[in-house]
J.: 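Let me give you the structure first, and then I'll get to my questions.
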2 protein chains.
Amino acid sequence: MAKDGEVAKPGSGGPFEARTRPPSMADVAEMAGVSSQTVSRVANNRSNVDEATRERVLAAMQVLGYRPNTAARALATGKFRMLGVISFGLNAYGNARTLEAIVAAAQDADYSVNVVSVRAQTESAVRDAFDRLTMQAVDGIILIEAQILDTPALRLPSGLPVVVVDGEESRRHPGVDTNQAEGARLATAHLLDLGHRTVWHVCGPQDSYAARRRAESWHRTLKAAGAPVPPLLYGDWSAASGYAAGLELAANPEVSAIFAGNDQMALGVVRALHEAGRSIPDEVSVVGFDDLAESAWFLPSLTTIHQDFEEVGRQCVALLFDQFRSGHATVHGATPVAPTLIVRDSTSAPPTS
Amino acid sequence: MAKDGEVAKPGSGGPFEARTRPPSMADVAEMAGVSSQTVSRVANNRSNVDEATRERVLAAMQVLGYRPNTAARALATGKFRMLGVISFGLNAYGNARTLEAIVAAAQDADYSVNVVSVRAQTESAVRDAFDRLTMQAVDGIILIEAQILDTPALRLPSGLPVVVVDGEESRRHPGVDTNQAEGARLATAHLLDLGHRTVWHVCGPQDSYAARRRAESWHRTLKAAGAPVPPLLYGDWSAASGYAAGLELAANPEVSAIFAGNDQMALGVVRALHEAGRSIPDEVSVVGFDDLAESAWFLPSLTTIHQDFEEVGRQCVALLFDQFRSGHATVHGATPVAPTLIVRDSTSAPPTS
DNA sequence: GCAACGAATGTTTGCGCCAACATCGCGGCG
DNA sequence: CGCCGCGATGTTGGCGCAAACATTCGTTGC
């Protein structure tokens, strides 16, 4: 419209001059002298189009700057080529890394990612997030870091493929699990192997599945080794909470080995020990969990459990795609992703006193 | 296919049985005994609907579990209620924090967020990301952390509102700027005020606008104070690169104050100094930039420049919404967000030797 | 008492695309 | 030589929704 005579507001200042609607298939079709259906075929890379015609259509698309309208395509096909990700905060290191990997894997398959962040840890907040995504039209949903919710049985709205990362819901949906238990076993066994009589544990918050699993495995590993099981200390994943726990531990001369639930808490523990004048690793050994990019540079560099978040992201997307193809959940339960032990300078044999 | 004879796998085990299409307005309309247009009016909260009718429609929606189909709505209105975010990697602390804030602000306005991650730092990669988003049908785009690209003039596809965070592009588009210059000035002046003769700087990668701006401001601040300007050291934001720079600095007895381009590099610098036996802050003071959650717990806790990423995210969304309303870019140039200096234990007056 | 109005609701139309079917033309085969 | 089959293309219809316009009916003003 308004294209006759005057050009649509030439140089009217705003960067998006000419709010004329973008070219549609019909425009391309007209320019290329074919039907819009042929344009559709070219756009979708169908095989049954004559090479010469295809060239012509592609050229017209190029000239007009044609971009298919995803909304129209989605409406017509019922597919959106979009994944939804629900995460409890994006800042937590693992969540950010996992999200990045999911985005990368999705992009490789020409899917985009719609991110929703849940603030409150309630069932209704998660349900809202689901509603938001189902409205926003996604083909499947990845739920990251399902924390323990206020209802025993969160009923995720069904009818949509779902993949759960590290959550309880993997009982009902395919899931990816970072094998917390194995990581905690690795950490605990490493300290035991070094000769420590037992290992103290600073656990993550009680409403975290990951924290709970790590603690359980720590407990099992100690039992299996016949080591005494010291009382559990709780933190909230933050360095501050690790510091608080570290203060307690530093006051106890019996403590020679500590397994912190994540690297941040380990950092806090290290600081508390340092302030108490207990040297690491000579007097006390500390192991973390996650392997932050910074952990190798802490003082001392931190022995920790490395998590392969890239693999977690890839697996999530793969599991979702499996469901797209098969039309239902093929794998039940969680696909494990193995963590690895990274030994650095914060652990050593106990003092020989 | 294969749908004849056999009913489509009733209760075949998958969690999404009954792939029957979700209820549409027509279904709701029929149940409520009104026209679908009235349902539309209720769904969009229009005022001119009788209260009784509205109740009836809402009840029907409830019963049927009706969710508006966003694709159809978008097709009809041309609006998508979706923001696109382009980021160079999601792991970088600032990017993750900013993204989280953007998601939160968008959700508050009932918009969703489509995230695209750019891996290569080339113009074409960014252009691809734009293409991806414009195809995926977003109403506007936020470009985070525009690194210096391989072309002098990146021409962002126009016709769509854009907001740029910390990038060169804010010359052509509204932008949000974390006021790198002010942060670097605060850091440098803090060290100078403590009595240091001059301040050495470990700069971020050369292709980062943020790094360049911090370095420029550091330089200006030194000049303004009449302090000598030592040679610039380059890192790549990583702790490893900070460590490498720190090794060099530790070998130079003249160095008493270091301003690192971010907290990770500061961590590396601290480690190198520590290994060289130079005590912090007694012999050398170190200031970082960003204020990671962990920085307060480093040994020693790190003096740094705090960035308000929440505010950045909010501003981005606000600027985009402004453009939606006005139909064009109202604000040109960057909206500054002020950083603040956080003094901790890694800085002090220089040795009195 | 009647025209004019406006609120509540219905009808029509088309957004851009794709699935399904229709058509056309050409070469092969009995 | 005529029919079949297949590859290339065109035509029709409808996905679910909302804008624009049409209709109904109860009010108000003079």
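These numbers were taken from a predicted model, which means no experiment stands behind them. A, B, ... follow the sequence lines: proteins, then strands. Residue 1 opens every chain.
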J.: Kindly give the atom pairs (protein nitrogen or oxygen, nucleotide nitrogen or oxygen) under 3.5 Å for nucleotides 23-27 of chain D.
T.:
none

J.: Name all residues meeting the ring-ring contact (aromatic ring centres under 6.0 Å, His included) criterion together with A/Phe309; count only those two or more places apart in sequence or in a different chain, and write none if there are none.
T.: A/Tyr93
J.: Just how far, in rounded Å, is P of D/dA19 from CD of B/Gln37?
T.: 8 Å
J.: Heavy atoms within less than 4.0 Å of DNA chain D: which residues of residues 47-64 of chain B have one? Give them sorted by number.
T.: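 Those residues: none at all.
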J.: Between the two end axes of the helix from C/dG1-D/dC30 to C/dG30-D/dC1, each built from 5 base pairs, what angle do you get to the nearest 10°?
T.: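 Between the axes fitted at each end of the helix from C/dG1-D/dC30 to C/dG30-D/dC1 lies an angle of 50°.
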J.: Return the set of residues passing side-chain contact (heavy atoms from CB on, under 4.5 Å) with B/Ala76 (not counting sequence neighbours), or none when no residue passes.
T.: none
J.: For A/Ala60, what residues pass the side-chain contact (heavy atoms from CB on, under 4.5 Å) criterion, not counting sequence neighbours?
T.: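 Per chain and number, A/Ala60 pairs via side-chain contact (heavy atoms from CB on, under 4.5 Å) with A/Val28, A/Met31, A/Ala32.
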J.: Write out a two-atom table: protein N or O, nucleotide N or O from nucleotides 15-17 of chain D, distance below 3.5 Å.
T.:
| from | atom 1 | to | atom 2 | distance (Å) |
| --- | --- | --- | --- | --- |
| D/dG16 | N2 | B/Ala72 | O | 3.4 |
| D/dC17 | OP1 | B/Tyr66 | OH | 2.4 |
| D/dC17 | OP1 | B/Asn69 | N | 3.2 |
| D/dC17 | OP2 | B/Met25 | N | 2.5 |

J.: Locate the shortest heavy-atom distance separating B/Met25 from B/Ala43; write the atom from each residue and the value.
T.: CE-CB, 4.1 Å
J.: Excluding sequence neighbours, so at least two apart, what forms side-chain contact (heavy atoms from CB on, under 4.5 Å) with A/Arg54?
T.: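 Residues passing side-chain contact (heavy atoms from CB on, under 4.5 Å) with A/Arg54: A/Val42, A/Asn45, A/Val49, A/Glu51, A/Leu58.
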J.: Not counting sequence neighbours, which residues clear side-chain contact (heavy atoms from CB on, under 4.5 Å) with B/Ala96? List them please.
T.: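 Partners of B/Ala96 under the side-chain contact (heavy atoms from CB on, under 4.5 Å) test: A/Ala96.
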J.: ring-ring contact (aromatic ring centres under 6.0 Å, His included) with A/Phe321: which residues, sequence neighbours excluded?
T.: A/Tyr111, A/Phe324
J.: Take B/Val103 and B/Glu100 through the side chain to side chain contact (heavy atoms under 4.5 Å, CB included) test and state the conclusion after the steps.
T.: CA-CA 5 Å; B/Val103 168; B/Glu100 162 129 57; 5.8 Å; no
J.: Any pair with a residue in residues 310-321 of chain B that passes side-chain hydrogen bond (donor to acceptor under 3.5 Å, both in side chains), sequence neighbours left out, goes on the list, sorted by first then second residue, please.
T.: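 For residues 310-321 of chain B, and leaving out neighbouring residues, the side-chain hydrogen bond (donor to acceptor under 3.5 Å, both in side chains) pairs sorted by first residue read B/Arg97-B/Glu310, B/Glu311-B/Arg314, B/Glu311-B/Gln315.
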J.: What does the list of N/O pairs under 3.5 Å between the protein and nucleotides 21-27 of chain C look like, with a distance for each?
T.:
none

J.: Over all strands shown, is B/Val39 touching base, sugar-phosphate only, or nothing at heavy-atom distances under 4.0 angstrom?
T.: nothing
